[in-house]
Amino acid sequence: LLHPAAAGMTTPPQLKRLIDEDIEEKIERDKEQEDRNKMARKINRNSQVAGELAAGKFEYFKILVNYPRASVKIQLRSKRGDPDLFVGNANCPIPDKKNFTWRKTGFGDDRLVIHFFDEEFILGWMYIGVYAAGRSDCSYVLSVSWKVSLTSLLPTAAAVSSSSSFVAVVAVSSSTSSSSVAVAAVSCCCSRMS
């Protein structure tokens, strides 16, 4: 995410305060996150890992989701066998066939998208269990990515007083290898019409 000042744009004080407060809150949340499964392998946002499992075994991964308006996409691609996907929120650090928050267990490739408005979504560590279902070993590629809703960066109607208003300009650029977002706000003088 590109801060407007970093893009060479001036930022109205009200929007600057909203952005800076949001960044400060995020830093504080990061400090408070407790990892409840130290054995799970950490994977980074927008990354993938390949693995192999013996039949009936689990392998665990984790990702830190520390932004309140994130949507997390988890894809499990089968290269051989039938790997299944079990995911736990911060309260379920070792998801398995009996204890999980979300799961996808169809034959072949599995995909989950977990949105911030899901009632089970909790900020913090998200734990991913890959299970080799059936009687044969499996090999797989696990991909994890998450994106943030841009609406969380814009001022709400309650934040705009009758004496000032904002026009928000949002520019989104994406490609298969990267994406960037720039947000700028311009203060406008508006008069009420009688």
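The figures here come from the full heavy-atom set of this structure, side chains too, leaving out hydrogens, waters and symmetry mates.
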Heavy-atom nearest pair, Pro95 first then Tyr60, reads O-OH, 2.8 Å
For Pro83 and Cys138 the tightest heavy-atom approach is CB-SG, 3.8 Å
Spell out, as yes or no, whether a donor-acceptor pair under 3.5 Å connects the side chain of Asn37 to the backbone of Pro93. yes
Give a yes or no on whether Leu112 and Tyr140 share a hydrophobic cluster (residues Ile, Leu, Val, Met, Phe, Trp, Tyr; joining criterion: side-chain heavy atoms under 4.5 Å apart). yes
For Ile122 versus Ala90, what's the shortest heavy-atom pair and its separation? CG2-CB, 4.2 Å
Donor-acceptor check, side chain of Asp109 to backbone of Ser78, threshold 3.5 angstrom: yes or no? yes
In plain terms, say whether Asp84 and Arg103 are close enough for a salt bridge, that is, a side-chain N and a carboxylate O under 4.0 Å apart. no
Nearest-0.5 Å distance, CD1 of residue Ile74 to CE of residue Met126: 6.0 Å
All heavy atoms of Asn46 vs all of Ser145, minimum pair found to be OD1-CB, 3.0 Å
Side chain of Ser71, backbone of Lys147: donor and acceptor closer than 3.5 Å? no
Got a sec, which residues hit ring-ring contact (aromatic ring centres under 6.0 Å, His included) with Phe117, two or more places apart in sequence or on another chain? His115
ring-ring contact (aromatic ring centres under 6.0 Å, His included) partners of Tyr127, counting only residues at least two apart: none
Given 3.5 Å as the limit, does a donor-acceptor pair link the side chain of Asn89 with the main chain of Phe121, or not? no
State the CZ-CD1 distance between Phe58 and Ile128, to the nearest 0.5 angstrom. 13.0 Å
Are the side chain of Arg69 and the backbone N or O of Val148 linked by a donor-acceptor pair below 3.5 Å? no
I'd like to know whether CZ of Arg36 has more than 12 heavy-atom contacts from other residues, nucleotides or ligands below 6.0 angstrom. yes
Working note: Val130 + Leu53, criterion side-chain contact (heavy atoms from CB on, under 4.5 Å); need CA distance, chi angles, decisive distance, verdict. CA-CA 9 Å; Val130 177; Leu53 276 173; 3.9 Å; yes
Under 3.5 Å: donor-acceptor pair, side chain of Asp96, backbone of Asn99: yes
Using the rule that two of Ile, Leu, Val, Met, Phe, Trp, Tyr join whenever any of their side-chain heavy atoms come within less than 4.5 Å, decide whether Phe100 and Leu85 are in one cluster. no
Say you draw a straight line from CG of Asn66 to CH2 of Trp146; how long is it, rounded to the nearest 0.5 Å? 5.0 Å
Could you tell me which non-hydrogen atom of Ser143 sits nearest to which non-hydrogen atom of Gln48, and how far apart they are? OG-OE1, 3.2 Å
In short, Lys73 meets Val113 closest at the heavy-atom pair CG-CG2, 4.1 Å
Relative to the ring of Tyr131, is the ring of Phe86 parallel (under 30°), tilted (30 to 60°) or perpendicular (over 60°)? perpendicular
Answer yes when Glu59 and Arg41 have at least one side-chain N-carboxylate O distance shorter than 4.0 Å, and no when they do not. yes
